[in-house]
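Given the structure is predicted, the values throughout are model-derived calculations rather than measurements. Each chain gets a letter, A, B and so on, in the order the sequences are listed, and its residues count up from 1.
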2 protein chains.
Amino acid sequence: MTSPRRGRRPGAPDTRAGILTAARELFAAQGFAGTSIRAVAASAGVDAALVHHYFGSKDDLFVAALELPVDPRERLAEVVALGPDGAGERMVRVFLSVWDDPDLRLPLVGLARSILDPSSQRLLRDGFVPAVLQPVGVALGIDRPDVRMPLVASQVIGLILTRYVLEVEPIASLPADDLVAIYGPTVQRYLTGPLS
Amino acid sequence: MTSPRRGRRPGAPDTRAGILTAARELFAAQGFAGTSIRAVAASAGVDAALVHHYFGSKDDLFVAALELPVDPRERLAEVVALGPDGAGERMVRVFLSVWDDPDLRLPLVGLARSILDPSSQRLLRDGFVPAVLQPVGVALGIDRPDVRMPLVASQVIGLILTRYVLEVEPIASLPADDLVAIYGPTVQRYLTGPLS
DNA sequence: CGCGTTTTTCACCATGTGATGAATTATGGG
DNA sequence: CCCATAATTCATCACATGGTGAAAAACGCG
């Protein structure tokens, strides 16, 4: 395609979607700090000013790129519906299936890379844990959800990071069923089992 | 103190140590990307060129700042010496005590913040797990250390991040003994217990 | 067809970053 | 005391970044 010196491209190229795709890939691969707007633009085949046009600031691009098309609470509702028995395995299975969804993987990896960034770490501590996980514990009717759900988080975070971000073998490539069998009992104990 | 326009300061100020301290604090608080050499210099009360003088590049400063005065393998030797029974609790206790050491906290937090940085993530996947953890599994004589030690890592990483970096309550403030009681059985099962 | 709007690039800005080299000051040994 | 060396700052560089505004091209509606 021959680009004009300026101005609108002919046809209906969805450059906005192209930018989002490029952003998701780069944020996942390189993290927020390691990804420049120019890199996103180059990867999308557009000029960097167009990124600003569509998304405003880099922060706004990040938010748009990492927007999940599903609400994790809906997926976790499947866990709650059947009560606390066996909830450990069901939770692990839900987390794995969410992460194994091709449409969600890049945004989720991009999000994961940002959790240790001081400016973003409250996303997890003050967002995900209280707003997503705690209500699950409450809905399950478990004892002390305020204590137990963070324990669940500590294992789930470790599992997700080692499998999908850090790619530590063999965790990275074990079948989901194996991981459910391994981690289900851990999560179950954190939910309902004895803690000492 | 009135600084001269240029030149050596009188006396024996250990500006090199001051720079290292400032670097440790800032890398721990803001991560590598969020910490500039000028910020380190300002915090140490010196000119940024002095940071280059003593440490060379920013990468070299990072390596120097995060150098641990202890070899974690020595601390983990205490775990190994008593064999696989009870090794779960001993491991959790060692990790907590290492992290609770005031001299080690800042370098460790700085390191932790870098584990999800794509350029550094191999430190953990190809460094810590095979070089530090795997030999512990081998020395303990457990079955399948190549599979089990990464599982241990997944929980230890989750615990350390939620307690010391993300500061998720109540994990962040529970006494170490409570955490040993909670996480010891998990690590023990990953070491020697049934995985399915 | 003309025009307003949308899309897109070019040109540029301010600021910050990691890094370099020269000038200056202090120190200690001969 | 002198001088070589080490420590320190100033001045500067090349480059990169997020961001802005104007000019140009395409589109679709009246």
Side-chain angles (χ1 to χ4, degrees), chain A residues 1-23 26-27 29-66 110 113-114 117-120, chain B residues 1-23 26-27 29-66 110 113-114 117-120:
Chain A
M1 185 189 76
T2 332
S3 300
R5 277 185 48 83
R6 285 186 189 213
R8 190 167 168 166
R9 298 182 188 187
D14 197 349
T15 49
R16 190 180 189 280
I19 293 170
L20 269 179
T21 299
L26 288 168
F27 286 137
Q30 299 170 184
F32 181 77
T35 299
S36 69
I37 290 178
R38 285 181 174 86
V40 173
S43 175
V46 301
D47 184 87
L50 198 61
V51 180
H52 292 291
H53 172 78
Y54 278 127
F55 299 100
S57 65
K58 186 180 178 182
D59 280 343
D60 293 338
L61 174 66
F62 189 63
V63 170
L66 303 193
R113 286 210 191 273
S114 71
D117 180 326
S119 59
S120 311
Chain B
M1 186 191 74
T2 332
S3 300
R5 279 184 47 83
R6 286 187 189 213
R8 189 168 167 164
R9 299 183 186 186
D14 196 349
T15 48
R16 189 179 189 279
I19 294 169
L20 270 178
T21 300
L26 287 168
F27 285 137
Q30 298 169 185
F32 181 77
T35 299
S36 69
I37 290 180
R38 287 183 173 84
V40 173
S43 175
V46 301
D47 184 87
L50 198 62
V51 180
H52 292 290
H53 172 78
Y54 278 125
F55 299 99
S57 67
K58 186 181 178 182
D59 280 344
D60 293 339
L61 174 67
F62 190 63
V63 170
L66 305 192
R113 285 209 192 277
S114 72
D117 180 324
S119 59
S120 310

Is there a side-chain contact between [X] and the phosphate of [N], meaning an N or O under 4.0 Å from OP1 or OP2?
X	N	result
A:Y54	C:dT6	no
A:R9	D:dA24	no
B:R6	D:dA11	no
B:S36	C:dG16	no

Taking atom [atom2] of [N] as reference, at what distance in whole Å does atom [atom1] of [X] sit?
X	N	atom1	atom2	result
B:F55	D:dT8	CZ	P	11 Å
B:D47	D:dA11	CG	C1'	10 Å
B:R8	D:dA4	CZ	P	16 Å
B:D59	C:dA19	CG	C1'	13 Å
B:D60	C:dG18	CG	P	13 Å
A:H53	D:dA25	NE2	C1'	14 Å

Would you indicate which nucleotide in [options] comes nearest to any side-chain atom of [X]?
X	options	value
A:L50	C:dT9, C:dT20, D:dA25	C:dT9
A:I37	D:dG18, D:dC27, C:dT8	D:dG18
B:K58	C:dT7, C:dG18, C:dT9	C:dG18
A:H52	C:dA19, D:dT8, D:dT20	D:dT20
A:R38	D:dC27, C:dA26, D:dG19	D:dG19

*Position toward the 5' end of DNA chain C (nearest nucleotide), A:T15 or B:G11*: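 Per heavy-atom nearest nucleotide, the more 5' residue is A:T15.
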*Show your reasoning for whether side chain to side chain contact (heavy atoms under 4.5 Å, CB included) applies to A:L20 and A:Y54.*
CA-CA 10 Å; A:L20 269 179; A:Y54 278 127; over 6 Å; no
*For B:D47 and B:R6, what are the C-alpha separation, side-chain angles and deciding distance, and is it a side chain to side chain contact (heavy atoms under 4.5 Å, CB included)?*
CA-CA 10 Å; B:D47 184 87; B:R6 286 187 189 213; over 6 Å; no
*Kindly compute the distance separating CD1 (B:I37) from CD1 (B:I19), expressed to the nearest 0.5 Å.*
10.5 Å
*Specify whether B:F27 and B:F32 have parallel, tilted or perpendicular ring planes, treating 30° as the upper limit for parallel and 60° as the lower limit for perpendicular.*
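Plane angle under 30°, so parallel.
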*Heavy atoms only: give me the nearest B:G31-A:P118 pair and the separation to one decimal.*
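For B:G31 versus A:P118, the nearest heavy atoms are N-CG, 4.4 Å.
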